[in-house]
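The structure appears right after this line, and notes come after that.
What's counted below: heavy atoms across the whole structure, side chains too, no hydrogens, waters or symmetry copies.
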Amino acid sequence: MSIRVTSDDLNPRPTKRLRHDSFDASGSCSATKTLEIPTPSSPISPPSLQMTTPTTLRRIPADTLLLSLPTFLIHPSTHPMHLQSLALARHALRRCLALSSLEPIKECRAWTGIAELGMMWLDTGASCLALGEVEQALTKALTISQRHPTLRLYTPHLTVLSARLAHRHQKNSKFAISSLRRLLATITSKSTHLIPLHVIFGVHLELIHCLACVAEEEAATSSTLSMGVGSAMGKCLVAIQAMRNAAEGLEPVGQPNIVVLLSTVIKLQLLVRHGVWASVGDALVEAETAFEAFDSTVRSTSSPSANVQQLAPTSNEIVVPTINPVPGTLRTHLLMLSVLFHTYAGDAQAASTRLKSLHELLDTGILESPSGIAQVDPLEGWSQGIIEASWTPPLRIRTTPPRVLHSLAFLLSAVAKRDAVGRAPKKGVFARAGLELRELAGPFGGTGDGIRLARIKADLMCELISISIMRSDFPLSQSTLDTLTSYLRTHALFDMYAARVTLFHAQLAHARGETERARRCYSVAAFVAGEGRGGEMDEWVKCAARAGEVWVRIGQLRQSSDVSREGEWEELRGGLDEEKDGKSEMDELRKEGEKVAKECEGRGAALRAVGQLLKACLAEEILKGKQHLRRALDLATSAQDNHLRALILALSASHYLHTAREHALTMLGTCGQLAAGLGAVPRDKGVSRSGSRGATGERGERVEVRDKLGEKGKEKGGVSVSVSVSGNVPLSLWVGERMVDLWRLEGDVGKAEGQEKINERMRGVIEARRRGTGLG
């Protein structure tokens, strides 16, 4: 058969599909067929195309076909037809079991497949109709595997499935834990050394997961946050150490061990999750040391060409270096946990260094598996007894999907960057970028990932609200808070975030000067966080709300004392009575403040600094107050929290107004710059960097950035006066009033009068904000 293609046809018909087998006149089948396509008009004739096909095709047995169908039928959990694919795969396995004279190995495979499909169905939360079927399938499969010695490798897997069923869907964790422990004792004995290593470590991981879930339940039912290791938590740590000991016992000298790294990351994550911060530091150092030792071992045992794999120079793709075979999710989790711990401890420099490494790691595209299945190959070069390592399959673990990790990286970056001063604070930049990433990613996928992504988005909006309140951007904070409330109600997460939302309302009212509303919201937030609505208590929000309530009460007491001092002489007796009441209220407030400050001690660097501020304000001796302020300033400076640092400098300057005026002027100048920076906006293209007249303020008002007073202030005393009315205007007004007092004491009437005019402008901005006109 030949097909001639001429050059006269400008639009030739496509070549028909060729037939592999052809029959001659006698009816016999020819084994091969040669197709020639001559093109005499073309300058270059293509060679003859010869296609050889087999004479016959082997028929697939029915049982083999039915057992293989689920592999091709099952859709991922994110697919809308996932349940239908599970039902169709189950039907195929049922048809396989209905066949006659089925081999034991295929029957065991079919029952095991039905049990796995039933577990997948139950994990979706669709219904519990498959519970009895899963139990029946597990019983049948275990009976067959125990009856035939050649099927002994099915027994560990079926036992793990049985324990998982009892733990997740039958709420019988005790049975699951005891079954897994008996299984571990059996498969690690000398008489059964033929069990593959990936099966042994899989059982270890399942036992750790069960114990960790029991520890979560124990922590949720406890009345208070223990901040220590409970009984279930201790058992989980023992199981992690047993897994590590098993991995170290199998490791040859000089060979890297990825299972040890996995155990260190699991231990670190467990300690952070349960708030055992006293042990997190040592565990973090241990994990980082293990990763460094692994890297050095890989570099010494591998060639340079094997350590770094580059793409072809002509490729348009990004060159991704592969430093070592450690799964990227392990390093990502380690860096995230280290950033979280150093942020908690208040070490901004260490957190920034690790955060930079985290972003560089994510930018390399090392998270390749979109399903979150990491393949750990720790058994290369290992041997156990007479079994070679090449016979052992790799260990596959389910990790956090890359989509969740990327969103979580933005959230962690927004939490770690605490500095709110500047034209574009990184805290707000990362929060907005994370929200944009979530919008571009589209709707949620699976059920578990969807809940995590929904909470991450809610947390990103919380960070955006906090940075807006700190920078006095009240319209943005109010609109974002309304959006957050609507979002939480839509996704049934409001009870979980009710205390935090109430705390944001209290902080927003406090920043606006609405003290009564702020005090009520602080009290409600502390109550809701202490009661534990949504299934878990939030001791951090409770402590922050109680501290805020004490702050409001201190301010109200001070305002009432100032008003009483301005009374007439005729009301002297009434003023004395009010002073007695104020003293008793101050004593009560001092006792309450001491309790709150004590609770703040074990809650990280930020709340520790707040506790030191409360002690300084409630201290009866000036020297003790200065000591507490110095400690708070050290904590805020180490954490690079300039929002809190501005308040500490203002309180510290008040102690030196009459004793060290030069020192007070320096602190007031720094405080004024920080207060003005808490509302700085990006420069317009038409505004020069020198800060000429006519710059536009945050709310569109005209602000005189530079005047004669500022120039004189720079010439004498080395302190520049901030005249911008953006940012924290109440704090800037307080600084300006203290400046007026100091300059009048020095006899500089010109500076005092100029600053007084600026103060009047700031009073007008504050009043306009209270009326809601939007100025300033």
Side-chain angles (χ1 to χ4, degrees), residues 155-157 159-164 166-167 173-219 228-253 255-274 276 279-280 282-287 289-291 293-294 330 333-334 337 374 376-379 382-385 387 389 392 394-399:
T155 303
H157 179 61
T159 306
V160 170
L161 287 178
S162 177
R164 193 177 300 169
H167 170 66
S173 301
K174 185 176 180 180
F175 171 77
I177 293 173
S178 60
S179 300
L180 292 173
R181 284 177 174 170
R182 288 196 303 268
L183 178 61
L184 270 179
T186 303
I187 63 179
T188 55
S189 61
K190 294 182 179 179
S191 59
T192 56
H193 60 274
L194 297 180
I195 301 297
L197 297 180
H198 77 284
V199 175
I200 297 176
F201 291 120
V203 177
H204 275 288
L205 290 174
E206 189 68 28
L207 177 60
I208 292 171
H209 175 71
C210 292
L211 292 173
C213 292
V214 174
E216 287 282 343
E217 296 174 358
E218 181 182 289
V229 179
S231 59
M233 177 72 173
K235 294 178 182 178
C236 188
L237 293 176
V238 171
I240 295 174
Q241 187 62 36
M243 175 180 171
R244 178 169 182 173
N245 293 337
E248 291 177 346
L250 296 171
E251 180 186 4
V253 178
Q255 290 291 334
N257 191 340
I258 304 182
V259 177
V260 173
L261 302 184
L262 178 62
S263 63
T264 57
V265 173
I266 294 175
K267 177 182 177 180
L268 182 61
Q269 188 175 15
L270 192 67
L271 293 174
V272 172
R273 177 66 182 88
H274 289 270
V276 191
S279 304
V280 171
D282 297 336
L284 182 60
V285 172
E286 179 184 1
T289 304
F291 272 82
F294 177 82
L330 282 183
H333 278 284
L334 176 62
L337 293 172
V376 181
D377 193 7
L379 313 178
W382 284 13
S383 62
Q384 183 181 8
I387 302 301
T392 303
L395 175 65
R396 292 179 175 88
I397 57 176
R398 182 176 296 277
T399 60

(message) Using every non-hydrogen atom in the two residues, find where Ala176 and Ala163 come nearest and quote the distance to one decimal.
(response) CB-O, 3.3 Å
(message) Under the criterion side chain to side chain contact (heavy atoms under 4.5 Å, CB included), I'd like the reasoning laid out for Phe291 against Leu330: C-alpha separation, chi angles, the key distance, then a yes or no.
(response) CA-CA 10 Å; Phe291 272 82; Leu330 282 183; 4.2 Å; yes
(message) Taking side-chain contact (heavy atoms from CB on, under 4.5 Å) as the definition, give me every residue that meets it alongside His333, ordered by chain and number, with sequence neighbours left out.
(response) Val265, Gln269, Thr329, Thr400, Leu405
(message) So, taking the atom named CD1 in Ile397 and the one named NE2 in His198, what distance separates them when rounded to the nearest 0.5 Å?
(response) 13.5 Å
(request) Determine, step by step, whether Leu205 and Leu262 satisfy the side chain to side chain contact (heavy atoms under 4.5 Å, CB included) criterion, reporting the C-alpha distance in whole Å, the side-chain angles of both residues, the deciding distance to 0.1 Å, and the verdict. (result) CA-CA 10 Å; Leu205 290 174; Leu262 178 62; 4.2 Å; yes
(request) Quick one: list whatever passes side-chain contact (heavy atoms from CB on, under 4.5 Å) with Leu270, sequence neighbours left out. (result) Ala212, Met233, Cys236, Leu237, Ile240, His274
(message) So, taking the atom named NZ in Lys235 and the one named CG in Leu207, what distance separates them when rounded to the nearest 0.5 Å?
(response) 11.0 Å
(request) Check whether any side-chain heavy atom of Val214 lies under 4.5 Å from a side-chain heavy atom of Ile177, and answer yes or no. (result) yes
(request) Identify, with sequence neighbours excluded, every residue that meets side-chain contact (heavy atoms from CB on, under 4.5 Å) alongside Ala290. (result) Leu261
(request) Could you grab the distance from atom NZ of Lys267 to atom OG of Ser263, nearest 0.5 Å is fine? (result) 9.0 Å
(message) Could you work out, with side-chain contact (heavy atoms from CB on, under 4.5 Å) as the rule, every residue matching Val160, not counting sequence neighbours?
(response) Arg164, Leu180, Leu183, Val203, Glu206
(message) Run the side chain to side chain donor-acceptor pair (under 3.5 Å) test against Ser173 and tell me which residues pass, sequence neighbours left out.
(response) His167
(request) For Ser179 and Thr159, work out which heavy atoms get closest and say how close. (result) O-CG2, 4.3 Å
(message) Tell me which pairs pass salt bridge (charged side-chain N to carboxylate O under 4.0 Å, His left out) where either residue lies in residues 237-246, with sequence neighbours left out.
(response) Arg244-Glu248, Arg244-Glu286
(request) List for me each residue that meets side chain to side chain donor-acceptor pair (under 3.5 Å) alongside His209, sequence neighbours excluded, and say none if there are none. (result) none
(request) Indicate the atoms forming the closest heavy-atom contact of Leu268 with Leu334, along with that distance. (result) CD2-CD1, 3.8 Å
